[in-house]
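Heavy atoms only: backbone and side chains are in, while hydrogens, waters and symmetry mates are out. All ligand and atom numbering here is 1-based and tracks the order in the structure. Everything numeric here is computed off the predicted structure, so don't read it as measured data.
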Amino acid sequence: MDILPDHLTLPKLMQNRRFSMRPVNFDHLADKLRNWGRWGEADQRGALNHIGPETLRNAAAEVRHGKLFNLGLRFDRNGPQLGRKRFNPMVYATDLFTQMGPGAAPGVCFSDDVIHMPLQCSTQWDALGHVHYDGQLYNGCNARECITENGALKMGINHLAAPGIVSRGVLVDVARLKRLERLPLDYAITADDLNAACEKQGISVGTGDILLVHTGHMLRFTADGDRDSFMGMQPGLSYTCAEWAYEKSLAAIAADNMAVEILDAESTGSEMPLPFHMLALRDMGLPLGEMFNLEALAADCAADGRYSFLLAAPPLEVTGGFGSPVNPQALK
Ligand code: UVW
């Protein structure tokens, strides 16, 4: 089974396949950054363990002006998906104008509905069990034993949902660093870019922070309505940024693109596709948030010069889920 979703196995992309080896330095990085055993043999929360009581108190102290930002996309049929397996949410009413009960006065009614959607279709967290290689998941779990038709027996999203994902968020605005509204489709963000953005913004990133990476790529969907462009080749983190995330002891990373990392012919067509996913989720236990809509928050951060906030982004507690939709909220 191909690891990549429908839209990334288009013939156009297949022509670009190079069947190269693993990215240079990949195995060295994987060995260096691997957090297996760091929080115990049975751990299923990975880098979220960096968030302790002090981190949470400091995160709460970031709320000073009473400003609230919704970082989620809408969940409806007009979402970003193009694929057959990953499709946009379908919402159906199952009750409309239904009498509340036999004794209820006429006109006392309720309405109910159902949603049918892939857990990966829109703004989402990837569970630690979402990707694996060499037969192992985060913390050395055997993929054959843990990945089942009924979900992840280990490393499911439920372990990231209880307790949920809340911490200090820090937005790094790489698009603004480059004086662009949106990064070019082939732009690979490096650790130097992240350092330069932090320096320009006057912020340092520390233990337990959740990094939000603003590339501007979301505008290709929300402003242009161009799903092909949004879901295709796209700017994002180079896999080498995993080392930066490890050194900073980040708890999680989310971005405004579809995959957090750059999607180009190298990262999708190689022997080790999505190398940042592999290092983050499988080796580091670092949850990844995708399709976070950062436009309003990024504009506000640029306006008031404050790039940190309280981020509350709990996934749904879907037992064994490989991911979960989320409606992240940033409070300043
Ligand atoms: C894959 O496409 C496998 O992952 P994601 O949706 O997390 O980018």
Point to revise | Distance-only donor-acceptor check, side chains Ser267 and Asp264, under 3.5 Å | key: yes

Point to revise | Pair Thr319-Asn158, side-chain donor/acceptor within less than 3.5 Å | key: no

Check your understanding: Which atoms from ligand 1 have a heavy atom of Ala259 less than 4.0 Å away?
Key -> 8 (O)

**Study point:** Arg77 to Tyr92 six-membered ring, cation-pi geometry met (6.0 Å, 45°)
**Key:** yes

Practice item. Could you see which bit of Leu274 sits under 4.0 Å from ligand 1, with heavy atoms only: side chain, backbone, both or neither? Key: side chain

Check your understanding: Any idea which atoms of ligand 1 are less than 4.0 Å away from a heavy-atom of His130?
Key -> 1 (C), 3 (C), 4 (O), 5 (P), 6 (O), 7 (O)

Practice item. For Arg86 and ligand 1, answer yes if some heavy atom of the residue is under 4.0 Å from a ligand atom, otherwise no. Key: yes

Point to revise | Tyr246 versus Asp283, side-chain donor and acceptor atoms under 3.5 Å | key: no

Point to revise | Parallel, tilted or perpendicular, as decided by the 30° and 60° cut-offs, for the rings of Trp125 and Phe292 | key: perpendicular

Check your understanding: Would Gln120 count as a contact of ligand 1 if the rule is a heavy atom under 4.0 Å away?
Key -> no

Review point. Hey, is ligand 1 close enough to His277 that some N/O pair sits below 3.5 Å?
Key: yes

Exercise for review: Mark up the atoms of ligand 1 that fall under 4.0 Å of a heavy atom belonging to Asp126, in ascending order.
Suggested key: 7 (O)

Check your understanding: Have Trp244 and Asn195 got a donor and an acceptor in their side chains that come within less than 3.5 Å?
Key -> yes

Point to revise | Atoms of ligand 1, numbered as shown, that sit under 4.0 Å from any heavy atom of Glu290 | key: 5 (P), 6 (O), 7 (O), 8 (O)

